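Report on the structure given below.
As the structure lists them, so they are numbered: ligands from 1, and atoms in each ligand from 1. Not measured: the values here are computed from a predicted model. Computed from heavy atoms alone, side chains included, the values below leave out hydrogens, waters and symmetry copies.
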Amino acid sequence: MDSNNIIDGKELAKIIREEIRLEALEIKSERGRAPKLIAVIVGENPASQSYVRGKVRACDAAGFESETIKLEASTTEEELIQVVDGLNKDESVDGFIVQLPLPDHINPDHVIMAIAPEKDVDGFHPVNFGKMAQGLPSFLPATPFGIITMLDRYNVETSGKKCVVVGRSNIVGTPISILMSRKAKVGNSTVTLTHSRTKDLKEEVKQADIIVAAIGIPNFVTADMVKEGAVIIDVGINRVEDSSKKNGYRLVGDVDFEGVQSKAGLITPVPGGVGPMTVCSLLYNTLLSAKGVIYPKK
Ligand code: GUN
């Protein structure tokens, strides 16, 4: 891995994907078929389409079976829940995800609640979330799982450290704050979860040994908010206009990478940091599902 201070998520994901591929091969020889992941996407959100393509590509690279179910933006909540029900019952499917965000007329909570916890490889269902919060075996949400895997493989000491999370979403900020504080190999941190109502957020972030930026605002974390030597995990994937690019945009994180890198102990880039690790965790959860590790097969 790199000798500079960059956490190379792309390279690490490649290494872990190869470990997963070998396990998937074993499963295939034991039960006659590879692990299978289905992605459901509703509408034409270009970023979502690109994420789902990445997930399918990763499945191919790991020797998984995969399929994308593409539904029109006009699909009703009831219709989507019928598709979810079908996947819950389909024994050939080890896990599936419904890509978020959904069109405004569909309540994502209703859809997530309809997913069988045994197939919820995104770890979004309240049963998995609740088990995670209690330290019970569960599918961990893919992005937080990717982050703790990175910290683990880069031997970042988390015990007794001060971790400041910026952003309190259900899919990243809130679960990573729980995982970083739990009693576990990666954990035992003292966690502060900051958000739009936090007083003097800059001062809070400045105290951090580990910063997790997951607020969805380009370049939100700047050098004046960062303590020398802090480990910085940038979860943001923001599209900003850039006429010099063929597609008219470039991706930037929630951290001002250029300004902050020289102060950081370690830092994740965007792209090539957290994103590939999220995909990898999704594959890993699907593998666990195929093996019946979290929820034993009936
Ligand atoms: N949208 C942004 N991140 C994710 C994710 O990890 N899973 C799903 N299903 N949708 C997302």
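Annotation: ligand 1 has protein neighbours Lys55, Val98, Gln99, Leu100, Asp122, Phe124, Ile171, each with a heavy atom less than 4.0 angstrom from the ligand.
At a threshold of 4.0 Å, the pair Asp209-Lys161 does not count as salt-bridged, since none of the basic side-chain nitrogens sits closer than that to a carboxylate oxygen.
Residues Tyr284 and Phe145 bring their aromatic ring centres within 6.0 Å.
Judged by distance alone, the side chains of Asn128 and Tyr295 do bring a donor and an acceptor atom under 3.5 Å apart.
Both Met132 and Leu193 are part of a single hydrophobic cluster, where members link through side-chain heavy atoms under 4.5 Å apart. Hydrophobic clustering of Ile, Leu, Val, Met, Phe, Trp and Tyr side chains at less than 4.5 Å, counting indirect connections, unites Ile20 with Val293.
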Solution key, residues 57-75 side-chain donor-acceptor pairs under 3.5 Å, sequence neighbours excluded:
{"residue": "Thr75", "atom": "OG1", "partner": "Glu72", "partner atom": "N", "Å": "3.4"}
{"residue": "Thr75", "atom": "OG1", "partner": "Glu72", "partner atom": "O", "Å": "2.5"}

